[in-house]
Amino acid sequence: MGTVSDAEKKPAVIFVLGGPGSGKGTQCANVVEHFGYTHLSAGDLLRAEIKSGSENGTMIQNMIKEGKIVPSEVTIKLLQKAMQESGNDKFLIDGFPRNEENRAAFEAVTKIEPAFVLFFDCPEEEMERRILSRNQGREDDNIETIRKRFNVFLESSLPVVEYYESKGKVRKVDAAKSVEEVFEAVKAIFTPKEEKVKHHSYAISPCIENNLTLKVSLYASFKKLLQTFSFLIGSIVAIQLPFISRVLNAIRILLKGYREELSFSDTYGPPVTETSLEHNKKVAV
Ligand SMILES: Nc1ncnc2c1ncn2[C@@H]1O[C@H](COP(=O)(O)OP(=O)(O)OP(=O)(O)O)[C@@H](O)[C@H]1O
Ligand SMILES: Nc1ccn([C@@H]2O[C@H](COP(=O)(O)O)[C@@H](O)[C@H]2O)c(=O)n1
């Protein structure tokens, strides 16, 4: 079996989908910061194309104003160019594929299948509220175009989500919560299973982790040593207990004898020996 050279390796792609204003761009920025992906927003690339004064600029501008979907070949070329220029090999492709044509054309042209689809699920009223207070000067952030975009999302974009759902590739997030809460759910999706078990969801830098591991293993070794030492001392004391008590008893008897001898000589003069008794007898006679 042949090996795949670096040049042939396909980049990892995650499609980020959800209704207009569901928070795709906001969360992609967080994922970039934490997980090193490159964020490519199809909408941003199209808006940049208008600004660049390209021949497609006017057509794109009109489509965006109407909330319509720009032909796939235009968007896919912009995405491919941005991927090549990024120098990265893992991408969050935000707001794409917006319809079945986008999806089929991307797979046919790039031969890339997404690793998964990150889908932000948000009620329409919440999305509308967010877009109307976005204040980024976007031509399509007005109530008339917003309604059109919602219809396009329901009719053309949701079927793409359903397609990937049938392939088991959709990771759905409740996007109606706060930015922080949504990111907690997103983080859980991007954190590999073994990491979650290892760190209980904490992200510890490898340096701190190594340091901690070293300290923990040193402490464990020291504790083991201490346990072995006290076990040894305990065993010696237990085994030698009869001997030790005999020695102590002997010492006690010796001391007792010595004490008695001392008190005898103090009260009655020199200790009574056979010779002195004999001497006393002699003196008495
Ligand atoms: N969880 C959230 N709670 C409240 N406001 C949010 C939340 N997420 C994003 N926002 C705000 O809502 C607005 C839309 O968010 P964002 O631009 O990320 O959405 P989007 O899905 O990328 O939209 P679009 O598809 O229209 O580009 C922004 O002003 C953003 O600050
Ligand atoms: N695949 C796409 C993505 C976007 N568009 C057009 O851009 C508009 C804004 O998109 P956002 O993702 O920034 O909300 C969108 O309404 C479309 O007109 C597109 O054509 N194809």
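All residue numbers in this chain count up from 1 along the given sequence. Every number for a ligand or one of its atoms is a count from 1 in the order of the listing.
Against a heavy-atom cut-off of under 4.0 Å, Gly43 is close to the following atoms of ligand 2: 10 (O), 13 (O). For ligand 2, the atoms sitting less than 4.0 Å from at least one non-hydrogen atom of Asn102 are 1 (N), numbered in the order shown with element in parentheses. Against a heavy-atom cut-off of under 4.0 Å, Thr26 is close to the following atoms of ligand 1: 9 (C), 15 (O), 16 (P), 18 (O), 30 (C). Under a 4.0 Å criterion applied to the non-hydrogen atoms of Phe96, ligand 2 contributes the atoms 1 (N). When each atom of ligand 2 is checked for a heavy atom of Gly95 under 4.0 Å away, the hits are 1 (N), 2 (C), 3 (C). Counting atoms of ligand 2 from 1 in the listed order, those under 4.0 Å from a heavy atom of Ile69 are 20 (O), 21 (N). The ligand atoms of ligand 1 that sit less than 4.0 angstrom from a heavy atom of Gly25 are 18 (O), 20 (P), 22 (O). Within the listing of ligand 1, atoms 26 (O) sit less than 4.0 angstrom from a heavy atom of Arg149.
Residue contacts with ligand 1 do not include Gly95, since none of its heavy atoms lies under 4.0 Å from the ligand. Heavy-atom separations between Ser178 and ligand 1 include at least one value shorter than 4.0 Å. Heavy atoms of Gln27 stay at 4.0 angstrom or farther from ligand 1. Distances shorter than 4.0 angstrom do not occur between any heavy atom of Gly43 and any atom of ligand 1.
Counting protein heavy atoms only, atom 25 (O) of ligand 1 is closest to Lys24 NZ, 2.7 Å. Ranking the protein heavy atoms by distance from atom 7 (O) of ligand 2 puts Ile64 CG1, 3.6 Å first. Scanning the protein for heavy atoms near atom 1 (N) of ligand 1, the closest one is Lys177 O, 2.8 Å. Remark: minimum distance from atom 12 (O) of ligand 1 to any protein heavy atom is reached at Arg130 CB, 3.3 Å.
Note that the CD1 atom of Ile93 and the OG atom of Ser41 stand 10.5 Å from one another [nearest 0.5 Å]. Of the inter-residue distances, the one linking Ile50 atom CD1 with Met63 atom CE reads 11.5 Å to the nearest 0.5 angstrom. Expressed to the nearest 0.5 Å, how far CD of Glu184 lies from CD of Glu180 amounts to 9.0 Å.
More than 12 heavy atoms of other residues, nucleotides or ligands lie within 6.0 Å of NZ in Lys148, so this atom counts as buried by the packing criterion. More than 12 non-hydrogen atoms from other residues, nucleotides or ligands lie less than 6.0 angstrom from CD of Gln80. Applying the 6.0 Å contact sphere to NZ of Lys169 captures more than 12 heavy atoms from other residues, nucleotides or ligands.
Contacts between Ala176 and ligand 1 below 4.0 angstrom, taking non-hydrogen atoms only, are absent altogether. Counting heavy atoms under 4.0 Å from ligand 2, residue Arg138 touches it through the side chain alone. The proximity of Asp94 to ligand 2, defined as any non-hydrogen pair under 4.0 Å, does not occur for either the backbone or the side chain. Only the side chain of Arg138 comes within 4.0 Å of ligand 1, judged by heavy-atom distances. Contacts of Glu66 with ligand 2, taken as heavy-atom pairs under 4.0 Å, are absent altogether.
Of the N or O atoms in Arg47, one or more lie within a sub-3.5 Å distance of an N or O in ligand 2. Checking only distances, Asp140 never comes within under 3.5 Å of ligand 2, N or O to N or O. Residue Asp94 has no N or O atom closer than 3.5 Å to an N or O atom of ligand 1. Residue Ile131 has no nitrogen or oxygen atom sitting less than 3.5 Å from a nitrogen or oxygen atom of ligand 1, judged on distance alone. Between Asp44 and ligand 2, no N or O atom pair is found at a separation short of 3.5 Å. Not a single N or O atom of Gly67, backbone or side chain, sits closer than 3.5 Å to an N or O atom of ligand 2. Polar contact check, Ser41 against ligand 2: no nitrogen or oxygen pair lies under 3.5 Å apart. Taking distance alone, with nitrogen or oxygen atoms compared against 3.5 Å, Ser22 approaches ligand 1 more closely than that limit. Here's the thing with Lys24: none of its N/O atoms is less than 3.5 angstrom from an N/O atom of ligand 2. Ligand 2 has an N or O atom lying under 3.5 Å from an N or O atom of Val70, backbone or side chain. In terms of polar-atom proximity, Gly21 is counted as a contact of ligand 1, with an N or O under 3.5 Å from an N or O of the ligand. Polar contact check, Arg134 against ligand 1: a nitrogen or oxygen pair lies under 3.5 Å apart.
Under a cutoff of 6.0 Å and an axis angle of 45°, Lys90 and Tyr37 form a cation-pi pair. Relative to the six-membered ring of Phe119, Arg171 misses at least one condition, a distance below 6.0 Å or an angle of at most 45° to the axis.
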Quiz prompt | Verdict with reasoning, His39 to Phe91, per ring-ring contact (aromatic ring centres under 6.0 Å, His included) | solution = CA-CA 6 Å; His39 174 209; Phe91 301 93; over 10 Å; no
Self-check item: Trace of the side-chain contact (heavy atoms from CB on, under 4.5 Å) decision for Val173 with Gln27
Solution: CA-CA 11 Å; Val173 170; Gln27 295 300 332; over 6 Å; no
Practice problem: Show your reasoning for whether ring-ring contact (aromatic ring centres under 6.0 Å, His included) applies to Phe190 and Phe183. | Solution: CA-CA 10 Å; Phe190 279 83; Phe183 187 53; 8.5 Å; no
Exercise. Kindly determine whether Glu181 and Ser178 satisfy side chain to side chain donor-acceptor pair (under 3.5 Å), including the steps that lead there.
Key: CA-CA 5 Å; Glu181 284 171 314; Ser178 71; 3.2 Å; yes
Quiz item: How far apart are the C-alpha atoms of Glu126 and Arg130, what are their side-chain angles, what is the distance that settles it, and do they pass the salt bridge (charged side-chain N to carboxylate O under 4.0 Å, His left out) test?
Solution: CA-CA 6 Å; Glu126 176 63 15; Arg130 290 180 189 177; 2.8 Å; yes
Quiz item: Should Asn88 and Thr38 be marked as a side chain to side chain donor-acceptor pair (under 3.5 Å) after you check the CA-CA gap, both sets of side-chain angles, and the distance that decides it?
Solution: CA-CA 7 Å; Asn88 201 348; Thr38 292; 2.9 Å; yes
Exercise. Check step by step if salt bridge (charged side-chain N to carboxylate O under 4.0 Å, His left out) holds for Glu165 and Lys172.
Key: CA-CA 10 Å; Glu165 184 87 72; Lys172 187 159 99 172; over 6 Å; no
Quiz prompt | Verdict with reasoning, Arg149 to Asp141, per salt bridge (charged side-chain N to carboxylate O under 4.0 Å, His left out) | solution = CA-CA 10 Å; Arg149 289 158 70 195; Asp141 278 357; 3.1 Å; yes
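Of the candidates Asp141, Thr75, Leu46, the one placing a heavy atom closest to atom 19 (C) of ligand 2 is Leu46. Of the listed options Lys68, Met63, Arg98, Lys68 places a heavy atom closest to atom 18 (O) of ligand 2.
Paired with Lys167 under the rule salt bridge (Lys or Arg N to Asp or Glu O under 4.0 Å), one option of Glu113, Glu162, Glu107 passes, and it is Glu113.
Ser72 and Glu101 make their closest contact through OG-CD, 3.2 Å (heavy atoms, listed as atom of the first residue, atom of the second, distance). Looking at every heavy atom in both residues, Val182 comes nearest to Lys177 through CG2-O, 3.5 Å.
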